[in-house]
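Read the structure below first, then the notes.
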Number of protein chains: 2
Amino acid sequence: MRSQDLEEMRRIPFFRSVEPGQVEAMLRGAFLQRFPAHVELIHTGEPADFLHVVVEGTVEMFSVHRDRETTLGVSGPGDSFILAAVLFDRPYLQSARALLASRILMVPADAVRQAFAADAGFARAIAENLALAYRGVIKELKNQKLRSGLERLANWLLTHDAENGSTGHFDFPFDKKVLAARLGMAPEVLSRSFAALGAYHVVVHGPSVVIQDVAALRKLAHPCSTIDGTSL
Amino acid sequence: MRSQDLEEMRRIPFFRSVEPGQVEAMLRGAFLQRFPAHVELIHTGEPADFLHVVVEGTVEMFSVHRDRETTLGVSGPGDSFILAAVLFDRPYLQSARALLASRILMVPADAVRQAFAADAGFARAIAENLALAYRGVIKELKNQKLRSGLERLANWLLTHDAENGSTGHFDFPFDKKVLAARLGMAPEVLSRSFAALGAYHVVVHGPSVVIQDVAALRKLAHPCSTIDGTSL
DNA sequence: CGGACCGTTGACTACATTCAATGCAGGTGG
DNA sequence: CCACCTGCATTGAATGTAGTCAACGGTCCG
């Protein structure tokens with residue numbers, strides 16, 4: 001790894017509360033790798049050899065069972081994934097693929113485990129990371145089980161708008177196909193859902209969305225702090 | 001708390017890797033409380049004042065949104081719950097109710113946070129606990145999104161049988177109503193699913209089940225190590 | 001111009017919820 | 001001991017939500 005890359009890695013939030021020596025040790029055996037879009041980074045069931053951290057790009061976490069596939073989450077810059085599997089040397093429960101061309105930091109699993117054992121600050125940072133990840137999945141599970149597809153879409157629109165300045169209009173950060181998977185529905189259903197949102201003054205034109213009446217959309221969505229958003 | 005109770009608490013797996021002094025400190029302000037069945041122990045959205053550990057009994061984790069309710073998990077003796085919320089002082093994302101009369105250890109949240117900050121061994125134990133909990137929820141999410149109700153039931157039967165000696169017959173540990181909620185279906189659907197399992201030589205009589213042909217049931221269920229069980 | 005892919009729409013199917021009616025226990029009180 | 005109530009489980013019918021299959025239009029790109 002080049003020294004300017006090393007500098008960049010040190011600034012990753014994940015390493016912030018780690019002793020400099022431990023960061024060195026972890027980065028010594030690490031790779032910073034570029035992946036083109038659509039490439040599969042890890043595969044469900046394989047042993048956890050590396051901790052992956054997204055430096056740049058977007059990664060989709062998904063899983064396949066028999067002839068069905070489902071998206072479990074999407075990770076962006078600064079996010080690590082499959083930390084739980086790496087820490088305790090278990091097989092991955094999820095697969096990951098790059099949605100965009102991405103730069104991924106890959107830290108050997110035993111280096112992570114060693115730092116976890118040696119550095120209490122790192123252990124606490126990991127606990128915090130896992131706690132937030134856990135709460136994220138619980139929210140996703142509630143989102144899936146307690147809401148209809150239309151409600152999930154309405155809430156996604158509101159959340160995404162809020163994360164981008166609440167202007168009421170934005171472009172989709174990925175294909176609608178991917179959005180459908182992320183919301184847990186077939187692409188056709190997403191299409192129909194957009195049509196249904198016309199009644200709530202949501203206008204979709206190609207890759208752009210306009211929310212003309214936030215109040216109406218909120219009334220449909222019933223956003224809830226214990227399901228939506230990352231603040232809690 | 002009585003001294004014999006203190007002895008019992010010290011043997012909880014959760015406290016095994018904690019310094020004795022820290023355990024003392026946590027237990028000093030803790031309560032060991034009995035709850036009758038059906039009582040709600042914690043409520044979604046409230047601040048996390050206590051870490052709860054099931055000493056005896058069974059607790060259902062659930063959540064309500066608008067007019068819908070869903071079960072997110074069931075905890076038994078030795079399990080702690082809402083650890084993530086307690087650690088970082090966030091509101092509960094789940095509610096909990098006792099399914100059976102239960103004894104619950106309640107440790108003040110700030111005592112837990114203090115021990116987490118002071119004792120690296122405890123911090124690592126918590127990280128491990130959170131990692132396993134995280135993987136459990138991921139499995140539950142996959143179970144929900146990748147399988148039909150009938151498949152979930154078939155797998156639950158196989159898993160539960162395996163956890164009880166693989167004898168091929170057992171009694172339900174809780175009401176069918178609760179099982180239905182746990183599997184994410186209406187009680188009526190569970191009823192119909194049992195009827196459908198007749199074709200696979202599963203015989204249900206009141207509270208008892210007999211799996212007469214494990215091979216046939218497995219062929220329907222397609223059990224999978226990255227969804228089922230607690231071993232991985 | 002032709003091909004590939006995405007998104008949309010329609011028709012059909014599968015799975016699950018809801019509502020309603022019934023049967024079957026266990027528990028209470030006359 | 002029996003009548004009665006309550007709550008759970010089962011069954012039927014109707015509804016609703018989402019997945020599947022197929023066809024079509026548009027756009028990007030060779």
Side-chain angles (χ1 to χ4, degrees), chain A residues 37-38 60 62 64-71 99-100 143-157 171-199 202-209 220-222, chain B residues 36-38 60 64-71 97 99-100 141 143-157 171-199 202-209 220-222:
Chain A
H38 311 302
E60 178 186 24
F62 69 101
V64 174
H65 180 63
R66 314 237 277 136
D67 57 346
R68 285 178 246 187
E69 171 175 330
T70 191
T71 298
L99 286 180
L100 306 174
N143 193 34
Q144 281 295 325
K145 293 182 75 174
L146 293 170
R147 297 214 264 231
S148 70
L150 189 62
E151 289 171 328
R152 291 198 295 278
L153 173 57
N155 280 290
W156 185 89
L157 290 172
D171 284 10
F172 293 108
F174 28 66
D175 284 350
K176 290 183 190 170
K177 197 180 169 185
V178 174
L179 177 60
R182 183 162 171 46
L183 293 173
M185 56 176 82
E188 296 93 325
V189 178
L190 179 63
S191 233
R192 287 184 240 275
S193 299
F194 277 133
L197 287 182
V202 174
V203 179
V204 181
H205 237 11
S208 87
V209 191
L220 168 68
H222 289 275
Chain B
H38 310 302
E60 178 185 24
V64 174
H65 180 63
R66 313 237 278 137
D67 57 346
R68 283 178 247 187
E69 170 176 331
T70 191
T71 299
R97 72 165 70 96
L99 286 180
L100 307 174
L141 189 57
N143 193 35
Q144 281 295 325
K145 293 182 76 174
L146 293 170
R147 296 214 264 230
S148 71
L150 189 62
E151 289 171 328
R152 291 198 295 278
L153 173 58
N155 280 290
W156 186 91
L157 290 172
D171 284 9
F172 293 109
F174 27 68
D175 285 352
K176 290 183 190 171
K177 197 181 169 185
V178 174
L179 177 58
R182 185 165 168 42
L183 294 173
M185 55 175 83
E188 296 93 326
V189 178
L190 179 62
S191 235
R192 288 184 238 274
S193 299
F194 276 133
L197 286 182
V202 173
V203 180
V204 181
H205 239 13
S208 87
V209 191
L220 168 69
H222 289 276

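The structure presented is a predicted model; accordingly, all values stated were derived computationally and were not measured. All values below come from the heavy atoms of this structure, side chains included, with hydrogens, waters and symmetry mates left out.
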**Report entry** Between D/dT10 (P) and B/L197 (CG): distance, integer Å
**Finding:** 12 Å
Query raised in the report: A/R152 side chain to A/L183 main-chain N or O, any donor-acceptor pair under 3.5 Å?
Result: yes
Report task. Give the rounded distance in Å between these two atoms: NE2 of A/H205 and P of D/dG26. Result -> 13 Å
Query raised in the report: What's the CG-C1' distance between A/D67 and D/dG19, to the nearest Å?
Result: 12 Å
Report task. Look at the side chain of A/R192 against the base of C/dG7 and say whether a donor-acceptor pair falls under 3.5 Å; ignore hydrogens and angles. Result -> no
Query - Rounded interatomic separation in angstrom, taking CD from B/Q144 and P from C/dA16 - result: 10 Å
Query raised in the report: Counting only N and O atoms by type, is there a donor-acceptor contact under 3.5 Å from the side chain of B/K145 to the main-chain atoms of A/Q144?
Result: no
Report task. Nearest whole angstrom, please: distance from the C1' of C/dA16 to the CD of B/E151. Result -> 14 Å
Report task. Could you please name the option among D/dA9, C/dT9, D/dG19 that lies closest to any side-chain atom of B/D175? Result -> D/dA9
Query raised in the report: Quick one: which of D/dA18, D/dT11, C/dG7 gets closest to the side chain of A/S191?
Result: C/dG7
Query raised in the report: Nearest nucleotide by nearest heavy atom, which residue falls closer to the 5' end of DNA chain D, B/K177 or A/L150?
Result: B/K177
Query raised in the report: Can you find a donor-acceptor pair, distance only, under 3.5 Å between B/E188 side chain and C/dC19 base?
Result: yes
Query raised in the report: How are the rings of B/H65 and A/H222 set to each other: parallel, tilted or perpendicular (split at 30° and 60°)?
Result: perpendicular
Report task. To the nearest Å, give me how far apart CG (B/L183) and C1' (C/dA16) are. Result -> 14 Å
Report task. State whether B/E60 and B/K177 are salt-bridged, where the test is any N-O pair (Lys NZ or Arg NE/NH1/NH2 against Asp/Glu carboxylate O) under 4.0 Å. Result -> no
Query raised in the report: Rounded to the nearest Å, what distance is computed from the CZ atom of residue A/R66 to the C1' atom of nucleotide D/dG19?
Result: 16 Å
Requested in this report: Compare side-chain N and O positions of A/K176 against OP1 and OP2 of C/dG7 and report whether any pair is under 4.0 Å apart.
Outcome: no
Query raised in the report: A/R147 has an atom CZ; how far is it from atom C1' of D/dA18, in whole Å?
Result: 18 Å
Requested in this report: Give a yes or no on whether a donor-acceptor pair under 3.5 Å exists between the nucleobase atoms of D/dT20, that is its base, and the side chain of A/R68.
Outcome: no
Requested in this report: Of all the heavy-atom pairs spanning B/F172 and B/L179, show the shortest one and how long it is.
Outcome: CE2-CD2, 3.8 Å
